[in-house]
Structures are given as structure tokens and as C-alpha cells.
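Written below as C-alpha cells is the structure these notes are about.
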Amino acid sequence: MMRSASIDFAQLYREHLAASRGQPKPAQAWDARAAELARRMTHSRYAQDFIGRMALDGARSLLDVGCGPGTLALPLARRLERVVGMDYSQGMLDALAQHARAQGLANVQPLLRAWEDDWSDVPVCDIVVASRSTVVEDLAAALAKLHEKARRHVYLTHLAGGHFIDPAIQRVVGRERPPMPDYIYVLNILHGMGIHAAVDYITVDSQLASAADFDDYARRVARSMGGLDDNERERLRAWYDGASPRARAGAPLRWAFIHWRADEAGRP
């Protein structure tokens with residue numbers, strides 16, 4: 001009988017990731033989206049739900065890995081002494097710095113760094129978060145880095161269900177993408193590290209629900225599916241014109257909210 005300890009979940013994750021997506025997004029792709037994501041972060045129910053699940057008592061500092069324009073970093077900076085926002089997109093860090101200045105927050109430090117970079121100079125903080133940023137090539141190494149940089153707590157979210165676009169809408173286009181690696185890999189890899197993490201869920205509307213018109217809708221579908229050809233776009237348009245707003249939005253997104261006490265778990 002195979003025991004879970006003998007299963008290499010890190011390797012299974014790498015194989016699953018390779019089979020489920022094309023090339024990783026370069027930093028420039030996120031640079032181009034910085035302004036759009038900054039506009040959307042102002043009234044983010046996701047951010048409210050995430051922060052509402054965090055234990056901040058006694059914490060003074062935070063490292064936000066994959067911080068984007070500051071969706072979590074900026075509201076948390078009002079409650080902490082120091083926040084380090086780390087991202088591999090300079091455009092995102094520029095947006096973070098701009099909005100921190102606009103809000104009079106002098107305790108936010110942008111840091112340009114990727115998951116695979118050397119983190120030796122990344123500061124250890126009381127709390128480490130990685131919000132919707134853990135689709136990485138080497139998940140085991142990423143989780144170890146998060147754990148090593150946290151004094152007290154680690155909080156992360158990882159996609160549950162494997163799809164950013166409802167498979168029903170993918171079928172409308174005539175092409176389904178294989179599911180991305182689910183959050184269960186995170187839990188199994190952590191278990192192998194001696195970390196018994198807790199899990200909860202955050203459910204939000206899909207990215208399609210707020211599309212302004214068909215062009216915006218098609219752009220979002222194309223971005224998630226690695227592009228649309230002319231025939232696929234025509235199929236989508238014919239369906240869109242007769243679909244209800246609820247059908248257009250598709251199923252909501254579900255994020256697994258995973259957290260553990262770094263000061264009570266064994267170091268990898």
C-alpha cells in the first residue's frame with residue numbers, strides 16, 4: 001500500500017502545472033494591468049474577507065508576496081508599523097508606491113523580487129501573505145520561503161476548482177482548458193513539511209461579472225484562455241447576445257484560504 005509520505009506532491013504539482021497552462025506570464029503582462037487592478041482594489045470584497053480572517057494582534061510588520069497594486073498591503077499598512085510589498089512587476093510596485101503616497105502611508109516599502117530569485121535580503125516579518133500569487137513553477141520552494149520569512153503567521157490563497165473561467169463558458173467558445181493545480185497540492189506539500197495548515201474559503205464573483213460590454217467581456221475570456229481566434233470570438237458573441245447577466249458571469253470563483261502559525265510549526 002502506498003503511503004502519503006512516499007508521494008512526491010511537489011513533482012506531481014509541477015507535472016500538473018506543465019500540462020494545464022502555456023508559458024508563464026512575464027512581468028510585462030502584469031505591468032500592463034497595474035492601472036486596471038488598482039482601480040478595482042478600492043472596493044474589494046475579496047480583500048475585506050481576506051483581512052477579516054487574519055489575526056493581527058501583536059503584529060507589527062507584514063510581507064506581502066505578489067502584492068500587486070496594494071489590494072491587501074495598503075489597508076493593512078494603516079494597522080501595522082511596516083509593510084513590505086513584493087512583486088516581480090515593476091508596474092505593480094509603481095502603482096503601490098503611488099497609492100501609498102496618495103493615502104499618506106509612509107510605512108510601505110516596495111521590493112522588486114520574483115519567487116525564484118534569491119530572498120536572502122527579504123526581511124523576516126511577523127506576518128507573511130501570498131494572495132492569489134502561488135501559481136508558481138516550484139510550489140514547494142515557494143511555500144518554504146513563505147514559512148522562513150514569517151515570525152508568527154502565514155496566510156495565502158490558492159484557486160479551488162482549477163478554473164478561472166467557468167468551464168460552461170469555455171464550452172461556448174468550443175475549447176476547454178485543463179484545470180489548473182488545485183489547492184490540495186498546497187496542503188499536501190505543507191503536510192510533508194510538518195505543517196498542519198487550516199483551510200477556509202473565500203468566494204467572489206467571477207472576473208466576467210463586471211465586464212462593461214462585449215469587447216471587455218471577450219478580452220477577459222481571451223486573457224484567461226490564452227487568446228481567442230475569430231471563430232471562437234464569433235461563437236462567444238452569438239451566445240453573449242442571448243445570455244442573461246447571470247449566465248454571462250458564470251460560476252463564482254472560489255479561493256482556498258490557507259493559514260498556519262509559523263512559530264508553532266517545524267522549519268523545513
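All residue numbers refer to positions in the sequence shown, counting from 1. Keep in mind that this is a model prediction, so the values were computed, not measured.
Salt bridge status for R233 with D215: present, with a side-chain N to carboxylate O gap under 4.0 Å. Using a 4.0 Å cut-off between charged side-chain N and carboxylate O, R175 and E232 make a salt bridge. R113 and D118 are not joined by a salt bridge, as no carboxylate oxygen comes within less than 4.0 angstrom of a charged side-chain nitrogen. With respect to D263 and R151, no salt bridge is recorded, no charged nitrogen being found less than 4.0 Å from a carboxylate O. Classification of R237 and D241 as a salt-bridged pair holds, one side-chain N sitting under 4.0 Å from a carboxylate O.
V129 places none of its side-chain heavy atoms less than 4.5 Å from the side chain of L156. In this structure, F214 and L236 have side chains that are in contact, with non-hydrogen atoms separated by less than 4.5 Å. Annotation: side chain of P123 is in contact with side chain of R82 (closest heavy-atom distance under 4.5 Å). Proximity of V124 to L63: side-chain heavy atoms (C-beta onward) are nowhere separated by under 4.5 Å. Annotation: side chain of E116 is not in contact with side chain of E137 (no heavy-atom distance under 4.5 Å). Taking the side chain as every heavy atom from C-beta outward, H259 and V154 never approach each other to under 4.5 Å. Side chains of M54 and L76 form a contact here, defined as non-hydrogen atoms less than 4.5 Å apart. Side-chain contact between L112 and D87 is absent, with no heavy-atom pair separated by less than 4.5 Å.
Ring-plane geometry between H153 and Y155 is classed as parallel, the angle between the planes falling under 30 degrees on a 0 to 90 degree scale with a further cut at 60. The aromatic rings of F50 and Y46 sit tilted relative to each other, their planes meeting at an angle between 30° and 60°.
The only member of V128, L93, V65 that meets side-chain contact (heavy atoms from CB on, under 4.5 Å) when paired with M86 is V65.
Cluster membership check: Y217 does not share its hydrophobic cluster with F164, using side-chain heavy-atom separations under 4.5 Å among Ile, Leu, Val, Met, Phe, Trp and Tyr. Residue I165 is not grouped with residue W255 when hydrophobic side chains (ILVMFWY) are merged at heavy-atom distances under 4.5 angstrom, including chains of intermediate members.
Across all their heavy atoms, A114 and D117 have their closest contact at N-OD2, 2.8 Å. Taking all atoms of both residues into account, the shortest heavy-atom contact from I127 to A55 is CD1-O, 3.7 Å. Taking all atoms of both residues into account, the shortest heavy-atom contact from L80 to N107 is O-ND2, 2.9 Å. Minimum interatomic distance between L187 and A197 (heavy atoms only, all atoms of both residues): CD2-CB, 4.3 Å. Taking every heavy atom of both residues into account, T203 and P252 meet most closely at CG2-CB, 3.8 Å. In plain terms, the two heavy atoms of A77 and V83 that are nearest each other are CA-CG2, 3.7 Å.
Interatomic distance, M225 CE to I169 CD1, rounded to the nearest 0.5 Å: 10.0 Å. Taking OG of S210 as the reference point, atom CG of D205 lies at 8.0 Å (rounded to 0.5 Å). Atoms OG1 and CD1, from T134 and I258 in turn, are 7.5 Å apart once rounded to the nearest 0.5 Å. For the atom pair CG (L12) and CD1 (I7), the distance works out to 7.5 Å, reported to the nearest 0.5 Å. For the atom pair CG of L253 and OG of S206, the computed distance is 6.0 Å after rounding to the nearest 0.5 Å. For the atom pair CD1 (I195) and CG (L146), the distance works out to 9.5 Å, reported to the nearest 0.5 Å.
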Inset, instruction - Might you work through the side chain to side chain contact (heavy atoms under 4.5 Å, CB included) test for V173 and L228, ending with a clear yes or no? - result: CA-CA 8 Å; V173 171; L228 294 175; 3.7 Å; yes

* Apply side chain to side chain contact (heavy atoms under 4.5 Å, CB included) to the pair W115 and S133, showing each step before the final yes or no. => CA-CA 10 Å; W115 281 102; S133 63; 3.9 Å; yes

For this session: Test R254 against T157 for side chain to side chain donor-acceptor pair (under 3.5 Å), laying out the working first.
Result: CA-CA 10 Å; R254 195 177 190 213; T157 47; over 6 Å; no

Exercise. Walk me through it: do E176 and H163 pass the test side chain to side chain contact (heavy atoms under 4.5 Å, CB included)?
Key: CA-CA 10 Å; E176 286 191 66; H163 290 284; 5.6 Å; no

Walk me through it: do H196 and W260 pass the test side chain to side chain contact (heavy atoms under 4.5 Å, CB included)? CA-CA 7 Å; H196 303 287; W260 66 94; over 6 Å; no

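Put simply, the side chain of S20 gets close to the backbone of L17: a donor and an acceptor are under 3.5 Å apart. When atom types are taken as modelled, the side chain of K149 and the backbone of W119 share a donor-acceptor pair closer than 3.5 angstrom. Using modelled atom types, one side-chain atom of D166 and one backbone atom of A251 make a donor-acceptor pair closer than 3.5 Å. Remark: the backbone N or O of P75 is not paired with any side-chain donor or acceptor of R79 at under 3.5 angstrom. Panel note: side chain N188, backbone F9; no donor-acceptor pair is recorded below 3.5 Å. Put simply, the side chain of Q170 gets close to the backbone of R177: a donor and an acceptor are under 3.5 Å apart. At least one donor-acceptor pair closer than 3.5 Å links the side chain of D126 to the backbone N or O of R60.
S61 and R152 are not linked by any side-chain donor-acceptor pair at a separation below 3.5 angstrom, with hydrogens and angles left out of the test. In summary, the side chains of D94 and Q98 do not present any donor paired with an acceptor at a separation below 3.5 Å, with no hydrogens or angles considered. Under the 3.5 Å distance criterion, with hydrogens and angles disregarded, no donor-acceptor pair is assigned to the side chains of Q48 and R45.
Within 6.0 Å of CG in D230 there are 12 or fewer heavy atoms belonging to other residues, nucleotides or ligands.
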Please tabulate, for the side chains in residues 178-186, all donor-acceptor contacts under 3.5 angstrom to protein atoms that are two or more places apart in sequence or on a different chain.
from, atom 1, to, atom 2, distance (Å)
D182, OD1, G161, N, 2.5
Y183, OH, Y201, OH, 2.7
Y185, OH, H16, ND1, 2.9

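Figure legend: cation-pi geometry between R248 and Y240, with NZ or CZ positioned under 6.0 Å from the six-membered ring centre and within 45° of its axis.
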